[in-house]
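One structure is given below, encoded as structure tokens.
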Amino acid sequence: MLSRNDDWSARHSVRMNARRTAALVNALTTEEPTAGGTAEDVAAEVAGVLREYGETGSLELSAGDVAELRTAAVMLRDVFVADGIDGAAAVLNRLLAHSRGPLRLTAHGGAGPWHPHLDSDDDAPWGEWFLASSCLALTVLVWDRQRAPGGVCASAGCHRVFVTEGSGPARRYCSRRCATRERVAAHRRGRQGSQASQASGASGERP
């Protein structure tokens with residue numbers, strides 16, 4: 001059975017923090033708000049993502065909080081859009097230069113295990129916390145894996161970002177759904193091309 005600290009570490013690992021970054025970037029920069037589109041609806045959507053990735057307690061986000069988170073998400077999206085590891089590293093260096101840090105260790109008053117932070121305080125504003133914690137997680141991924149930490153889905157019409165995991169071939173799609181849709185579309189284009197070629201050949205035959 002996991003201890004309290006082990007459970008916290010699993011929920012807030014570098015990999016989970018990077019996944020949370022991608023999920024919030026997608027929620028705040030690529031997805032349409034819930035039907036109705038009120039500030040409360042959007043705040044509820046963002047709070048749902050935060051809870052999914054381990055945040056607990058009160059998550060009553062104001063319109064100002066959501067605006068700060070969205071500003072940070074737009075900046076972080078540049079890391080995923082960047083061309084390869086060199087481009088991602090350059091964007092991260094630019095963002096790190098503007099961090100409110102210095103790098104410090106905190107245990108949140110004993111509420112969790114010791115871990116690094118780059119924001120100015122344990123009670124820093126949501127946007128500052130999101131940008132700092134995401135930069136830290138993505139930086140560690142670049143350092144550890146020596147490859148870009150993520151990318152943008154290659155499926156037509158999809159602009160979602162994703163985290164690159166594992167050491168296999170470069171990932172191209174944000175989900176199996178997008179990968180399957182592209183395979184089906186490619187198969188249909190191949191069939192149509194083959195049929196057009198056959199029809200052209202048939203029309204050119206001499207009687």
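The basis for the numbers below is simple: all heavy atoms, side chains too, and nothing from hydrogens, waters or symmetry mates. For the single chain, residues carry numbers from 1 onward in sequence order. Since the structure is predicted, the reported quantities are computational estimates derived from the model, not experimental observations.
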Are D121 and R104 close enough for a salt bridge, meaning some N to O gap below 4.0 Å?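 Salt bridge flag = no for R104 with D121.
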Go through the steps to decide whether R145 and T164 satisfy the test side chain to side chain donor-acceptor pair (under 3.5 Å), and finish with yes or no. CA-CA 10 Å; R145 299 175 180 175; T164 300; over 6 Å; no
Does V163 form a side chain to side chain contact (heavy atoms under 4.5 Å, CB included) with L141? I'd like the steps, not just the answer. CA-CA 10 Å; V163 174; L141 287 185; 4.0 Å; yes
Within the distance-only criterion (no hydrogens, no angle test), does the side chain of [X] pair as donor or acceptor with the backbone N or O of [Y] below 3.5 angstrom?
X: R70; Y: A72; answer: no
X: D65; Y: S62; answer: yes
X: E52; Y: R20; answer: no
X: H115; Y: L105; answer: no

Decide if atom CD of Q146 counts as having more than 12 heavy atoms of other residues, nucleotides or ligands within a radius under 6.0 Å.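 Atom CD in Q146 is packed in, count exceeds 12.
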Between S99 and C135, does a side chain to side chain contact (heavy atoms under 4.5 Å, CB included) hold up when you go through it step by step? CA-CA 9 Å; S99 67; C135 283; over 6 Å; no
Side chain proximity check, [X] to [Y], heavy atoms < 4.5 angstrom:
X: L50; Y: L24; value: yes
X: F80; Y: N26; value: no
X: R94; Y: D78; value: yes
X: L69; Y: L61; value: yes
X: R160; Y: V152; value: no
X: T30; Y: V161; value: no
X: L95; Y: V79; value: yes

So, taking the atom named CD in E128 and the one named OG1 in T71, what distance separates them when rounded to the nearest 0.5 Å?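 Reported value, rounded in 0.5 Å steps: 13.0 Å.
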Once rounded to the nearest 0.5 Å, what's the spacing between atom CZ of R77 and atom OG1 of T29?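 Between atom CZ of R77 and atom OG1 of T29 there are 4.5 Å.
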Do you know which two heavy atoms are closest between [X] and [Y], and how far apart they sit?
X: E55; Y: W129; answer: OE2-CZ2, 3.7 Å
X: P102; Y: L118; answer: C-CD2, 4.3 Å
X: Y53; Y: A23; answer: CE1-CB, 3.7 Å
X: S155; Y: E182; answer: OG-OE2, 3.0 Å
X: P149; Y: A88; answer: CD-CB, 3.7 Å
X: A148; Y: I85; answer: N-CB, 3.8 Å

Short side-chain donor-acceptor distance under 3.5 Å, T180 and R177: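 Not at all, the side chains of R177 and T180 share no donor-acceptor pair under 3.5 Å.
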Give the intermediate values and the outcome of side chain to side chain contact (heavy atoms under 4.5 Å, CB included) for residues F130 and L76. CA-CA 9 Å; F130 176 41; L76 288 163; 3.6 Å; yes
Transitive ILVMFWY side-chain link [X] to [Y], under 4.5 Å:
X: V142; Y: V14; answer: yes
X: V25; Y: L136; answer: no
X: F162; Y: V81; answer: no
X: V66; Y: L59; answer: yes

Salt bridge (Lys or Arg N to Asp or Glu O under 4.0 Å) against R19, all qualifying residues, sequence neighbours excluded: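 Expected list: E165.
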Hey, mind stepping through W126 and V46 against side chain to side chain contact (heavy atoms under 4.5 Å, CB included) and telling me if it holds? CA-CA 11 Å; W126 280 105; V46 174; over 6 Å; no
